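Have a look at the structure below before the remarks.
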There are 2 protein chains.
Amino acid sequence: MITTTNTAPADPGAATYNIAAVERDTGLSKDTLRVWERRYGFPAPDRDQHHERVYPQAQFEKLRLLRLLIDYGHRPGKIINQSAEALARLVAERTPGQSPPAEIAVIIDLLLRHDTEGFRNALLQALMKQGLLHFVAETVTALNHWIGEAWLAGKVAIFDEHLYSEHIQNILRNSIIAQPGRGSAPRVLLTSLPGEKHRIGLLMVEAVLTAEGAACVALGAETPIIDIKNAVPAYDVDVVALSFSSAFTQSAALTGLVELRELLSGNIEIWGGGGALLRARKTPQGVLLLRSFDDMRYALERWRIERAPAT
Amino acid sequence: MITTTNTAPADPGAATYNIAAVERDTGLSKDTLRVWERRYGFPAPDRDQHHERVYPQAQFEKLRLLRLLIDYGHRPGKIINQSAEALARLVAERTPGQSPPAEIAVIIDLLLRHDTEGFRNALLQALMKQGLLHFVAETVTALNHWIGEAWLAGKVAIFDEHLYSEHIQNILRNSIIAQPGRGSAPRVLLTSLPGEKHRIGLLMVEAVLTAEGAACVALGAETPIIDIKNAVPAYDVDVVALSFSSAFTQSAALTGLVELRELLSGNIEIWGGGGALLRARKTPQGVLLLRSFDDMRYALERWRIERAPAT
DNA sequence: ACCTTTTTTTGTCCTGGACAATATGATTAC
DNA sequence: GTAATCATATTGTCCAGGACAAAAAAAGGT
């Protein structure tokens, strides 16, 4: 059921990937990988003794860069045959050279030194000093962004990112459970669609909503649309909020939102937010796109003014 | 990028799915769906005007049942041509009568009634009353088991399970972060292999280890073996602990443990635990199989006696 | 400058063959 | 009776290369 990802390379450290692993880790479908190879000549994986594609590390990394640039608006045909260095330069151009603000840099530095204790304490201190809302809306957002950048630049290892994710989850979940009140209206169902695995964005939203006094029903990541539909009456929620990280395609996010809108009764609101939707031009009918945490607070306030008196 | 899922069926309410939507929501790959059709004659989707598969609701639902039963051990070829009713009966048969102990039943009942507040409070009360170790080793273990059973019997919806998982995570992560001491030897790296997505088991272990005074470096789920290898020197750990839920094959778990053993230097211990390994006969050379939380505490104690004086 | 139509690009779906990985069943050894 | 070993059957994933719809870009018209 589970195929081996790294087939014990003779040269240790030079991992290789089969097509399923590449699909999983780059988000490019097997069909796309094959058709690119046919059309553009890249990627050009080796073959194992049974003719199956074996992608070397370098090609894997270039594919990740391509995915990123395409998400950012480049066309595959224009960039696919440029060198990895040229692509890296394009990525660098994207964010014009900036370096993270000092407070963020300090925290990232602790992560890079693998000082888990110091890292944890720095996060907790930032939370104490700034309060939950500011911590989430500014610090965690910035950390996500800069750690993503550092990962692209190869400065952060996968396991560092895993560790970061775990610590942030600990802190956010701790904040959520520590909220004193029970939360009143509106009742908000919070989840993401299948394919969207990032949980931190969801937790950030949950923490802020809970702090603002809404009653959250958090289902974690990757709930199929049909199950979201079924959960709405079961938990009697007023709003369904979906999170889409920038790993998700904008069009896929919009499609999902429209699909859900068709399934839910009109008096249930749908809110969508997250990196994938930041650059969306027009919002689908009957869906509210939230581009910042402030947007979310306004949406909450608006709901309370418009809807709450009804009861 | 993702094509429309529901192509405005003439008959409203009877949703239809294209192959991508079926893949997303059942977890069965497009290749599998096509090969089943070719081999067994099911599913037998309609075609749209361009010869593309269109799955009606009933087939979609039967596919979900099939997926469920296959995960539980049935073979596709034996069950794929039975009626949906027969399949539902098979699912019901799965639970061999027994009912959970009263304390567990009460908590599950709150979940089934979608009383999120009451559910949360019941968990917190159990934790207070029993203490962390007993709560994890007894109550959470039992809840995992019985909720799994109830899900198979169709009594618990997917979203209920999602909600359960979220609440347990909140509580466990809260316990972890609330630990007063900072943890000393041994330093334990805690994660699971790719394919093993269950995070609750990992959190249970982390909570207990932290309570026992070990220093945990938790990487969350699904760390590729090569990255575990690289993380060991980076975080200077003494022990690598891996968790395998019963969704994992026993042989896959053992293979993974052996592979890791070959990559790590001999003075790093490897511990493996979780449902997949409960019935393992012989333990691989150089690996410690932990079949209970007590086993884990003994292993910890043993390590401290044997290894700690060295420093 | 803005809207509409044509052209190009790009991703997904298709068929049907092949074969490795996994599970099952038979056989032998303890 | 239980456990290990091997043969056979089942099942999922991969492959090639053709086709075409959806999306984007370019061209044209007002």
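Within every chain, numbering begins at 1; the chains are lettered A, B, ... in the order of the sequence lines, protein sequences first and strands thereafter. Just so it is clear, the structure is predicted and the values come from calculations on it, not from any experiment.
Atom-to-atom, CG of Leu66(A) to P of dT10(C) comes out at 12 Å; the value is rounded to the nearest Å. In this structure, the CD atom of Glu37(A) is 12 Å from the C1' atom of dG17(D), given to the nearest Å. Rounded to an integer number of Å, the gap from Asn18(B) CG to dC13(C) P is 6 Å. Here dA23(C) presents its C1' atom at 13 Å from CD1 of Ile70(B), a figure rounded to the nearest Å. Rounded to an integer number of Å, the gap from CG of Asn81(A) to P of dT9(C) is 14 Å. In this structure, NZ of Lys78(B) is placed 15 Å from C1' of dT22(C), rounded to the nearest angstrom. For the pair Ile80(A) CD1 and dT10(C) P, the computed distance is 9 Å after rounding to whole Å. With rounding to whole Å, His50(B) atom NE2 is found 16 Å from dG18(D) atom C1'.
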Run Lys30(A) and Glu23(B) through salt bridge (charged side-chain N to carboxylate O under 4.0 Å, His left out) and show every step you take. CA-CA 14 Å; Lys30(A) 291 170 189 141; Glu23(B) 170 178 74; over 6 Å; no
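Residues Leu193(A) and Ile225(A) are in side-chain contact: their nearest non-hydrogen atoms beyond the backbone lie under 4.5 Å apart. His198(A) places none of its side-chain heavy atoms less than 4.5 Å from the side chain of Ser243(A). Phe159(A) places none of its side-chain heavy atoms less than 4.5 Å from the side chain of Thr191(B).
Nearest nucleotide to the side chain of Lys30(B), out of dA21(D), dT15(C), dC13(C): dC13(C). Checked against dG12(D), dC14(C), dC19(C), the side chain of Val35(B) finds its nearest nucleotide in dG12(D). Ranking dC14(D), dC13(C), dG11(C) by closeness to the Glu52(A) side chain, first place goes to dC14(D). Among the nucleotides dA20(C), dG11(C), dT15(C), the one closest to the side chain of Arg53(B) is dT15(C). Comparing dC14(D), dT13(D), dT11(D) by their nearest atom to the side chain of Ala20(A) picks out dC14(D). Closest contact between the side chain of His51(B) and the listed nucleotides dT15(C), dG11(C), dT10(C) involves dT15(C). Checking dA16(D), dC13(C), dT13(D) against the side-chain heavy atoms of Ser29(B) singles out dT13(D) as nearest.
The base of dG12(D) sits with one of its N or O atoms less than 3.5 Å from a complementary donor or acceptor on the side chain of Arg39(B). The base of dG17(D) has none of its N or O atoms less than 3.5 Å from a complementary donor or acceptor on the side chain of Arg34(A).
Across all strands, Arg75(A) comes closer than 4.0 Å only to sugar-phosphate atoms, never to a base (heavy-atom distances).
In Tyr40(A), the OH atom is crowded: over 12 heavy atoms of neighbouring residues, nucleotides or ligands sit closer than 6.0 Å.
No donor-acceptor pair under 3.5 Å is formed between the side chain of Asp31(A) and the backbone N or O of Arg34(A). Not one N or O on the side chain of Glu161(B) forms a donor-acceptor pair closer than 3.5 Å with the backbone of Ile147(B).
Distances shown here put a side-chain N or O of Tyr40(A) below 4.0 Å from the OP1 or OP2 atom of dT10(C).
Consecutive pairing runs in DNA chain D reach the stem threshold at C:1-30 with D:1-30, where a stem means at least three Watson-Crick or G-U wobble pairs with distances under 3.5 Å.
When only modelled atom types and interatomic distance are considered, Thr223(B) and His162(A) share a side-chain donor-acceptor pair under 3.5 Å.
Each of Arg38(A) and Thr32(B) was assigned the nucleotide of DNA chain D with the nearest heavy atom; the assignment lying further toward the 5' end belongs to Thr32(B). Comparing Asp31(A) and Pro76(B) by the nucleotide of DNA chain D that holds the closest heavy atom to each, the one mapping nearer the 5' end is Pro76(B).
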